[in-house]
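I have placed the structure first, in the form of structure tokens, so that the comments after it can refer back to it.
Quick caveat: nothing in here was measured; it's all calculated off a predicted structure.
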Amino acid sequence: MSEIAWGIASDKIAITMAVLLITMTMLSAGPLHPIDNLINNAPRPYWDEMREFLILWPDTVASRFVAIPVLAVTALQLAYRHRSWRPIILGGVGVVGMMSLVATMKLLFSRNHPRTLDPSFFGDTGGVSFPSGHGANAILIYGLVLFLIIRYRAARPHIIRRLGFCIVGIALLQSLVSAYLHFHWFTDLVTGMIAGGLSLRIVMRLDAMIPGGRTTMWWPWYGGSFWSGDESDRPPSDEREPRAA
């Protein structure tokens, strides 16, 4: 455990993301309130015509009820194809870690809901607006899907680029819809995406620290003759099962 903790703590990108998360939290507590209020109080054109549609469709794209099944299908398919638990482990650790981080921050800061028109932390209304779970979902869960696809070379480069653009589009769409519907303050959304990015980076670091072939030996239907994975997750030659004669 100490090696894992040290490996994460020494990762420069993870450190940068953690500093950004702390900085954004401090700014959200007061200095950025004018921006939050400006966006929250801006006119909402076509409110009656668009509200129900936005709630039922675009707002659900980054919800856990949609994003987690997408990640689950991707992880299970790659796990079966490569005879390895690694995709399932990475997906599970990432989602649980991100949800724990976001839930802890929500309960700790108790930010008022945008409909109260008060962006203060530690409010009396028991709000849990900060940070946005949907914003974190958009980056962490869909980012994990893209990471697994890249790691196992499951798509061609031009497809991967398009998937990357899709994730950016989902994050921006989710932010616009949540702000329009008064579901989150502007800084909730930005901080949520940073929290998702930090969680994603930690998962990537953990993947680099898991020895190649470690999780393949746990696979119940493992067989050397069926190996289709990449060399980084292939067990050592003396650990593989012999081929049938």
Side-chain angles (χ1 to χ4, degrees), residues 13-14 16-25 27-28 32 35-36 38-40 42 44 50-51 53-75 90-91 93-103 105-106 111 113-114 119 128-151 155 157-205:
I13 297 179
T16 301
M17 296 297 294
V19 171
L20 284 176
L21 182 62
I22 295 172
T23 302
M24 195 63 200
T25 299
L27 294 175
S28 301
L32 292 182
I35 296 179
D36 280 328
L38 177 65
I39 296 176
N40 193 59
R44 264 59 175 177
M50 296 182 60
R51 182 176 181 275
F53 168 76
L54 293 177
I55 292 174
L56 295 177
W57 294 100
D59 188 59
T60 63
V61 173
S63 68
R64 290 192 293 271
F65 299 105
V66 174
I68 288 181
V70 173
L71 174 60
V73 169
T74 303
L90 295 177
V93 169
V95 172
V96 172
M98 179 271 295
M99 291 175 61
S100 299
L101 174 62
V102 170
M105 294 180 69
K106 283 179 177 290
R111 191 179 205 180
H113 194 277
V128 289
S129 174
F130 181 89
S132 168
H134 279 52
N137 292 341
I139 301 300
L140 182 277
I141 300 179
Y142 289 117
L144 266 178
V145 171
L146 182 60
F147 171 68
L148 290 175
I149 291 174
I150 293 173
R151 191 199 185 286
H158 69 281
I159 299 296
I160 290 175
R161 285 194 296 270
R162 293 174 184 176
L163 291 175
F165 292 142
C166 286
I167 294 174
V168 174
I170 289 172
L172 293 177
L173 175 64
Q174 181 62 52
S175 298
L176 291 173
V177 170
S178 292
Y180 180 89
L181 294 172
H182 291 293
F183 286 171
H184 282 288
W185 302 97
F186 168 74
T187 49
D188 294 346
L189 298 160
V190 175
T191 308
M193 287 188 282
I194 294 175
L198 172 60
S199 302
L200 177 60
R201 181 58 192 179
I202 291 175
V203 173
M204 295 169 66
R205 182 65 176 175

Exercise. Evaluate the criterion side chain to side chain contact (heavy atoms under 4.5 Å, CB included) for residue pair Phe130 and Thr25; output intermediate values, then yes/no.
Key: CA-CA 9 Å; Phe130 181 89; Thr25 299; 3.8 Å; yes
Write down the atom of [X], the atom of [Y], and the distance for their closest heavy-atom approach.
| X | Y | value |
| --- | --- | --- |
| Leu140 | Gly196 | CB-O, 3.7 Å |
| Leu144 | Leu200 | N-CD1, 3.8 Å |
| Ala171 | Ile139 | CB-CD1, 4.1 Å |
| Val177 | Pro58 | CG2-CB, 3.8 Å |
| Gly133 | Val102 | CA-CG1, 4.1 Å |
| Ile167 | Ala138 | CG2-O, 3.8 Å |

For the residue pair [X] and [Y], establish whether any side-chain heavy-atom pair is separated by less than 4.5 Å.
| X | Y | result |
| --- | --- | --- |
| Phe65 | Thr60 | no |
| Thr187 | Leu27 | no |
| Ser178 | Asp59 | yes |
| Leu101 | Met105 | yes |
| Ile141 | Met98 | yes |
| Leu148 | Leu71 | yes |
| Asn137 | Gln174 | no |
| Leu189 | Phe183 | no |

Quiz item: Near Tyr180 OH, under 6.0 Å, is it more than 12 heavy atoms from other residues, nucleotides or ligands?
Solution: yes
Quiz item: With a cut-off of 6.0 Å (strictly less than), are more than 12 heavy atoms of other residues, nucleotides or ligands near CZ of Arg64?
Solution: no
[atom1]/[X] to [atom2]/[Y] distance, rounded to the nearest 0.5 angstrom?
| X | Y | atom1 | atom2 | result |
| --- | --- | --- | --- | --- |
| Ser175 | His184 | OG | NE2 | 9.5 Å |
| Arg111 | Asp36 | CZ | CG | 4.5 Å |
| His113 | Asn40 | NE2 | CG | 9.0 Å |
| Leu146 | Leu163 | CG | CG | 6.0 Å |
| Ile194 | Thr16 | CD1 | OG1 | 11.5 Å |
| Met50 | Ile55 | CE | CD1 | 11.5 Å |

Practice problem: Carefully, step by step, assess Trp185 and Thr191 under the rule side chain to side chain contact (heavy atoms under 4.5 Å, CB included). | Solution: CA-CA 10 Å; Trp185 302 97; Thr191 308; over 6 Å; no
Exercise. Carefully, step by step, assess Tyr142 and Val66 under the rule side chain to side chain contact (heavy atoms under 4.5 Å, CB included).
Key: CA-CA 10 Å; Tyr142 289 117; Val66 174; 3.7 Å; yes
